[in-house]
Amino acid sequence: MSPSNPTSSGRTLIPWYGALVLLGAIFWAAYTFFVHTKLGQWIDEAALLGGEAFLAADKTRRPALAFLDYMPAASALLAGGFILFALIRRRDFLRPAVAGLLLLGATGTTQLLKHVLLTRPDLNISAASVNSFPSGHTTFAAAAMAAIFIVVPVTHRPPVALLGWAYAALAGASTLVLGWHRPGDVIAAYLVVAWWSVAAGLFLRHAHGSEVDRRKHSAAPPSLSERMLGFLAWAGAVAVAAAMGLALLLPHPVIGTVGDRSLFLFLAVGLALVLGTAMVVGWLVFELFARYGSPIRRRLVRGMK
């Protein structure tokens, strides 16, 4: 094995640190816009009221969507099963520990931000002035999928990333449709989970040294899951840009005077923001791990059989 190049190793760490800074900056920008500006609060509130109007239009919709209330418990069981499998069957001790810390760190950060550090000013837009940014429900679902992504083998990561972030997108969209959270809350949850996912990848990168097991795009064509994730990320970016453009161009009357038709339109805007952000963020995390991630070191205790 050729000796590692410290300069090359240092360069591969730059994208990780850059992603941490970028995600933190986007989070602060989202908080400033959706929580501290009248326009941001108006867009958030209109989308939330659109979800309530959607459910009120048909009394059978809420019972039909009741299963979404069980997503956090299902997420916990699924993530726990994968972590235990990696710990016991594959005897991989570091990654399950990092995955568990990712799950705890992301959910703990959301609760700390929402209940202690961040505030929601009363701008005479919504009746509720208690801060709900970020969404705890969405954070838990997305963090559980991120924990699974950490412990699965490298060859399984593309489909796990695709299915995991699609699941997180569904969880976030459900909180909006059911009237639990505003779009800004859900977007913030994705950013928190992505930040902790990148932090986990950076820790593993340091722990495993400079020997990087990154995918060679020129050597092998991307898998179907990778192509789908890339396409959804591209479509998601377009959807986010179009939704924000539409939200800024539409009229913004007093929130209590908005009719159901306009509320449904802002619900669609909110869903586009939520689903699009989930796929863009998911793609970013996957690409960092694929290009600059560390190899999986199984059986860290060499004597175990």
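Starting from 1, each residue takes its place in the sequence as its number. Given the structure is predicted, the values throughout are model-derived calculations rather than measurements.
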Can you label the angle between the F149 ring and the F286 ring as parallel, tilted or perpendicular, going by 30° and 60°? perpendicular
Would you call the rings of F289 and W16 parallel, tilted or perpendicular, taking 30° and 60° as the class edges? perpendicular
Side chains of R182 and S132: is there a donor and an acceptor less than 3.5 Å apart?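 Looking only at side-chain atoms, S132 and R182 do form a donor-acceptor pair, the distance falling under 3.5 Å.
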Are [X] and [Y] close enough that some pair of their side-chain heavy atoms sits under 4.5 Å apart?
| X | Y | result |
| --- | --- | --- |
| M228 | L224 | yes |
| V280 | L284 | no |
| L263 | F54 | no |

Could you tell me the separation between the [atom1] atom of [X] and the [atom2] atom of [Y], rounded to the nearest 0.5 Å?
| X | Y | atom1 | atom2 | value |
| --- | --- | --- | --- | --- |
| I187 | I26 | CD1 | CD1 | 10.5 Å |
| M145 | L78 | CE | CG | 4.5 Å |
| T277 | L191 | OG1 | CG | 7.0 Å |
| K114 | T139 | NZ | OG1 | 7.5 Å |
| L267 | L48 | CG | CG | 9.5 Å |

Would you name the heavy atoms of [X] and [Y] that are closest together and state the gap between them?
| X | Y | result |
| --- | --- | --- |
| P134 | H181 | O-CE1, 4.3 Å |
| A173 | L271 | CB-CD2, 3.8 Å |
| Q41 | V35 | NE2-O, 2.7 Å |
| A188 | F133 | CB-CZ, 3.3 Å |
| A146 | V193 | CB-CG1, 4.0 Å |
| S197 | L102 | CA-CD1, 3.7 Å |

So, do W283 and F231 have ring centers that fall under 6.0 Å from each other? no
Is there a path of hydrophobic side-chain contacts, each under 4.5 Å between heavy atoms of I, L, V, M, F, W or Y residues, that connects L273 with L248? yes
Counting only N and O atoms by type, is there a donor-acceptor contact under 3.5 Å from the side chain of T175 to the main-chain atoms of G172? yes
Can you tell me if H252 uses its side chain to pair, donor with acceptor, with the backbone of A247 under 3.5 Å? yes
Decide side-chain contact (heavy atoms from CB on, under 4.5 Å) for W180 and D185; before the verdict, give the C-alpha distance in whole Å, the side-chain angles of both, and the deciding distance to 0.1 Å. CA-CA 10 Å; W180 297 339; D185 303 340; over 6 Å; no
